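This one's a predicted model, so the numbers in the text were calculated from it and none came from an experiment. Throughout, a chain's letter reflects where its sequence line sits, starting with A, and its residues are numbered from 1.
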Amino acid sequence: MDFLRQLYDMTALGDLAVQPASLLMLAVAFFLLYLGIGKKYEPLLLVPIAFGMLLANFPGGGMDIVDQEVAKKMGLLELASEYGIMNLLYYSLIKTGLLPPIIFMGVGAMTDFGPMLRNLRLAFFGAAAQIGIFTVLFLAIWMDFTLPQAGALAIIGGADGPTAIYTAIRLAPELLGPIAIAAYSYMALVPVIIPFVVRLTTTKKELRINMKEQDKLFPTSRPIRNMRLVKVLFPLVLGTLVAMLVPSSVPLVGMLLFGNLIKEIGSTTERLHSAAAGPIMNTATIFLGLCVGATMTAETFLQAQTLKIVVAGFLAFAISVAGGIMAVKVYNLFARKKINPLIGATGLSAVPMASRVANELALKEDPTNHLLQYAMASNISGVIGSAVAAGVLLSMLSQYL
Amino acid sequence: MDFLRQLYDMTALGDLAVQPASLLMLAVAFFLLYLGIGKKYEPLLLVPIAFGMLLANFPGGGMDIVDQEVAKKMGLLELASEYGIMNLLYYSLIKTGLLPPIIFMGVGAMTDFGPMLRNLRLAFFGAAAQIGIFTVLFLAIWMDFTLPQAGALAIIGGADGPTAIYTAIRLAPELLGPIAIAAYSYMALVPVIIPFVVRLTTTKKELRINMKEQDKLFPTSRPIRNMRLVKVLFPLVLGTLVAMLVPSSVPLVGMLLFGNLIKEIGSTTERLHSAAAGPIMNTATIFLGLCVGATMTAETFLQAQTLKIVVAGFLAFAISVAGGIMAVKVYNLFARKKINPLIGATGLSAVPMASRVANELALKEDPTNHLLQYAMASNISGVIGSAVAAGVLLSMLSQYL
Amino acid sequence: MDFLRQLYDMTALGDLAVQPASLLMLAVAFFLLYLGIGKKYEPLLLVPIAFGMLLANFPGGGMDIVDQEVAKKMGLLELASEYGIMNLLYYSLIKTGLLPPIIFMGVGAMTDFGPMLRNLRLAFFGAAAQIGIFTVLFLAIWMDFTLPQAGALAIIGGADGPTAIYTAIRLAPELLGPIAIAAYSYMALVPVIIPFVVRLTTTKKELRINMKEQDKLFPTSRPIRNMRLVKVLFPLVLGTLVAMLVPSSVPLVGMLLFGNLIKEIGSTTERLHSAAAGPIMNTATIFLGLCVGATMTAETFLQAQTLKIVVAGFLAFAISVAGGIMAVKVYNLFARKKINPLIGATGLSAVPMASRVANELALKEDPTNHLLQYAMASNISGVIGSAVAAGVLLSMLSQYL
Amino acid sequence: MFETAWSVFGIGMVTIFLILGLVVLSGNLLIWAVNRFAATPPETDRPATRPQQTGIDEETIAVLVSAVEWATRGQGRITHIQEE
Amino acid sequence: MFETAWSVFGIGMVTIFLILGLVVLSGNLLIWAVNRFAATPPETDRPATRPQQTGIDEETIAVLVSAVEWATRGQGRITHIQEE
Amino acid sequence: MFETAWSVFGIGMVTIFLILGLVVLSGNLLIWAVNRFAATPPETDRPATRPQQTGIDEETIAVLVSAVEWATRGQGRITHIQEE
Ligand code: NA
Ligand code: NA
Ligand code: NA
């Protein structure tokens, strides 16, 4: 009897009986794994997040993240020895805000500003499609979130994973898990959300606006005669602009542009570029995912808040898409050279999925209307747009922490 | 004269005169380098360990690990500034228990559960071959080790490097060096140890049992009609099982299975897999080796304990091998479909060396008896077996720390 | 009005008005970027350093390094949360002295001691070319630097980036930025500095000394009959020698030789070698560069000290080159087998640029005089020479901190 | 709190429009300046990743290449494009 | 202390046998379920690492591939197999 | 302070000359010992990175290879050498 007792004590069964909510969390984790593996929804992040959640919710596994009030009093070594490696990773890599800028460096090292530079005018529509962020701020406050929490929630509307995670870490670490999940899930659902909003807000005639024909009718763009040089200088110009106006977005935008610079310089910095886009990016993705997943225990996840985040996050996405579309429609009222409203929708960011979805929607109405290259312009500028939005939120809401 | 005095003071010669045992340690380090480089005994770990030992034992080099009582009182920055980079690496990467699970992720990212899934029945014999662990526990206690130390020593019988290191870090960090050396040395000596034990415990007739012929005589195994899906689901099933029964093995087994999962998912998570199996694994191996080596100074190594560990570690290995063989022999008493006892021996783990050795031994008796694929089944299950054993030891012995 | 006020407060414009020196720093950063990208001066380090400087000097960006007196009182987590990721990286990776030895491991993993082993005699001239270090020490003291600062400054004359950074971190972290910039800039200017000094100190006749002809006239060197084995054993011999005589250089030289060893062992440790020479090296280079750059704010950089460092650093370089040349000339007075004085100049290190420059200078005088392989011998030994010099400085000057 | 939200809304949207407007402006200025002062080579960014000659216009290819790179997060590479 | 050792021995060996027993059980269950509900493609795991057709049976190849991968720690790759 | 500087100067230069002298000495000793006791294969370091046969002497090639490796920091590799 005593033997069986000891055996039973070692297992997780006792804990599970006391805390059956863990089973629900395991089910959620398995469902997310299904989305990531089976449905291929953003597998690079959903799989590590879901697996981290799995590890964290096995009772007694010691892989869940402890409350920051507890952790704050300890050094890293004591934290690791008391609460295990996942807390060590979370508090040194995530809570410090380190990994999102590192991932942004990798994103920059993979981003080609070429399409945007060839259609610079369209970059402007990456601004309008951030309106979902600032609109949902009101909703979130109305839902009883504090100001910083509302800001962290609203940034889901920026449709950019690392930006959302960075903002949540800084403004509302207690909501990090659900915000990250919502952000990546909705990014994965872009092929559903964009068509849905587009159907509600545009006419068939608008969707048939053919960007290439417009370019032929009203030729304006000057050719770029030294693209290599422009691409090297552009991150420097862009960085200086953003840094001057929204210094709080420097950690994100600065690292993005550093990654891009070492890519565009070419062979002399290729070693650095290959590290930033390869091992550094991939390693950061693994640990970011596992740690974010590990924050989602029954205690933090099974709350009314989570549901609110899911709802408000969806609205933020939808309003951003609609905002981009509306901006194009207003522009078209005044301009002779028309723009396809899908170019506004891709201002959301969610690169490059949004552009591909927009391209397909356009082709459905007119099989000759290839607008992928135009969509990429506003699509990439939407990344900058949401990083700037994050900077504004951080700068104006940190004081309410 | 004053000049020569100053010159002499700068060198290590004075320290060497005071502490001549360092010379002996340097000799041991060079001998281990010889084993790793010249004899190719587990060079991926013996070379870094031996070099770390070399660095630590140059007097005045400042690359040796200081006592944890000293380190515990300092933050990481103070530690680095007082005691140099090796202590920084050791206390942040090793003492926290971080690197072994990271390496397990890499091991998982390189492991193919296919051979095991094709001969699942044989996985059972990975259990019997852990008996050396629990037997040597008694011997270690009798040798005057404390309970946690005895557990750390016994795990050498698991024949798995990262598992041994993880357990030693948690239960007896003061014995980490000798335990790691013993574990890796005996794993390197598997081509000697397994034949030795096999000769003592089996007959020629048993060694001639031909697994393929048995399969033809008693066909049972159903074909696997969707191996890809099975391989994706298996780590999830296995992980849940282990986590429920031995939660304390989650850091090891969970990371192993995460690594395996991102391998088996295929192209969508290939970036993560390539990082886990490549740069992360290799970097972790370098620093694990160097730091483990650096713990071995004259003070900690030249003790009676070290000799005891060497002796008890060998016994643990030998008893594990014998245990696996005996389990097969007992099984054969009752079953019509016979199993070659070498399949029991490979339950030890020491993947894949043990399987190759077993295969050679079988071929020596019967040149048509290729049993590599069968041996791999129990061989891989032996890795899980020792990780579970580590979990049991951690869960039951931590209270005596 | 209130709205515009809030907008203005968020931007960096207010800060810039108060602290216009930042603009000057940004200009310096852009100039360094121009040197790295446009002129291809050591782009692998100048680009990250310059970009780090850029990030640090955008007012309000929070990417500048805070004073160590402030940081010392905090744990890493508090530091990151108060002062952002750049301080986290700087204080954990740079201030601890971690990255320079890691980079030395990578340098070792890329170094081939072959040319040096084939002309061992020439290695001796790597010693004379360190004289600039110890000469400028006097100048630096005369310039009112403290003893440790003078040592950190003087090491610029070693013409080796990681060595200079490691020494500066340990002896005068407050001068790290300018010292690193000076070291890398002058290394980039080796194609200007070496010819300048050579013209001042040598005759055409000396430059025409043909090493291959001398080898034919006075054949001495024995062939190496097992180069692979020699290359494996050499780092061990060299390491032991250096460690015995200058233990304080073990972190640098030891890691260099570890990197070289895992390269020379060959296929069995190829995984480790590829990590050390690839991802680890590149990642370390990125973060070393960014962090060193981030130390250079207006406050620390726009000082008379910086100018002094620039001047004294140049002198250290020039004197080192001249010292190497002079040593050869003295040798030639007594020896029958003459040596080209350019072999002395390359003792400076700045591998492999110095060797290529020397080769070109020789070819200009005599188109058949290929001395690249001879130059590499003293060139590589110059790296060891400066690491030893750093060890001496650290060992003798740390007490004055 | 809603008052603060209005401030954030206003300042946020104004800033984003301002910055992206300035990006368009300064980008055009940059292209003009480079064309004016440094227009040597006809557009040849990264020959290494460039696919072989096809009938498809350069711009389209550049976009395709960058899209594939994004989509596959750097893993994929276009080696052949065929017009249908 | 020896008493504790007996407990650890007993619980340890029972747990390991239990877990590996359950692994065999659940593994077989998993294979059965997959065969029953998702048995579409005939076994084709990882065509990328698959060597060309030979007379050697599939299973053997799979084992060889995995063994080589283990032995060389991922460095090696089988590109050709010839029966003697 | 200048007095300390003189000490550092003296000890520093002596040490460096001593160490590099010993390097020359022990290196030669090492080569002698290896030639004496382990001189089996005629010099073939790293066949993998070795270019095909040319008329250029071995030593030169070795130096070129190592120089290229340094210059390109491991990125470049010599695959063909032609004498002019
Ligand atoms: Na966005
Ligand atoms: Na085992
Ligand atoms: Na030097």
I need the minimum non-hydrogen distance between [X] and [Y], along with the two atoms involved.
X	Y	value
B:I141	E:A5	CD1-CB, 3.6 Å
E:V24	B:F124	CG2-N, 4.1 Å
E:L30	B:V230	CD2-O, 3.9 Å
B:M396	E:S7	CE-CB, 4.0 Å
E:A38	B:N226	O-ND2, 2.8 Å
B:A389	E:I16	CB-CD1, 3.7 Å

Under 4.5 Å from any heavy atom of chain E - which part of [X]:
X	result
B:L122	neither
B:L137	side chain
B:F125	neither
B:M353	neither
B:A150	neither
B:I133	neither
B:S395	neither

| request: Taking atom CD of E:E3 as the centre, report whether more than 12 heavy atoms of other residues, nucleotides or ligands fall under 6.0 Å from it. | output: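 Atom CD in E:E3 is not crowded, with 12 or fewer foreign heavy atoms closer than 6.0 Å.
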| request: Let me know which of B:L238, B:T240, B:V237 forms a side chain to side chain contact (heavy atoms under 4.5 Å, CB included) with E:S26. | output: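 Of the listed options, the one satisfying the test is B:V237.
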| Residues that E:W6 engages under ring pair (Phe, Tyr, Trp, His ring centres under 6.0 Å), provided they are two or more places apart |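 Only B:F138, E:F9 meet the ring pair (Phe, Tyr, Trp, His ring centres under 6.0 Å) criterion with E:W6.
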| query | Looking at residues at least two apart in the chain, or sitting in another chain, which of them share a ring pair (Phe, Tyr, Trp, His ring centres under 6.0 Å) with B:F134? | reply |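 So B:F134 forms no ring pair (Phe, Tyr, Trp, His ring centres under 6.0 Å) with any residue.
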| said: Using side chain to side chain contact (heavy atoms under 4.5 Å, CB included), reason through E:V23 and B:M116 one step at a time and then give a plain yes or no. | reply: CA-CA 11 Å; E:V23 164; B:M116 183 168 141; 3.8 Å; yes
[atom1]/[X] to [atom2]/[Y] distance, rounded to the nearest 0.5 angstrom?
X	Y	atom1	atom2	answer
E:F17	B:Q130	CZ	CD	9.5 Å
B:S249	E:I19	OG	CD1	6.0 Å
E:L22	B:L241	CG	CG	5.5 Å

| field | Which of B:S355, B:A128, B:S386 touches chain E most, by non-hydrogen pairs under 4.5 Å | value |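 Sorted descending by pairs with chain E, the first entry is B:A128.
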| request: Using the side chain to side chain contact (heavy atoms under 4.5 Å, CB included) rule, take B:L397 and E:V8 through it: C-alpha gap first, then chi angles, then the decisive distance, then the call. | output: CA-CA 9 Å; B:L397 299 179; E:V8 174; 4.0 Å; yes
| task | Could you check which of E:L29, E:T15, E:N28 has the highest count of heavy-atom pairs closer than 4.5 Å to chain B? | result |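 Going by pairs under 4.5 Å, I would pick E:N28.
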| request: Output the option from E:L25, E:I11, E:T4 having the highest count of non-hydrogen pairs under 4.5 Å with chain B. | output: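 The option with the most such pairs is E:T4.
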| task | Tell me, with the steps shown, if B:I224 and E:V34 meet side chain to side chain contact (heavy atoms under 4.5 Å, CB included). | result | CA-CA 8 Å; B:I224 301 176; E:V34 167; 5.9 Å; no
| said: side chain to side chain contact (heavy atoms under 4.5 Å, CB included) for E:I31 and B:L120? Distances and angles first, verdict last. | reply: CA-CA 10 Å; E:I31 291 170; B:L120 256 176; 4.0 Å; yes
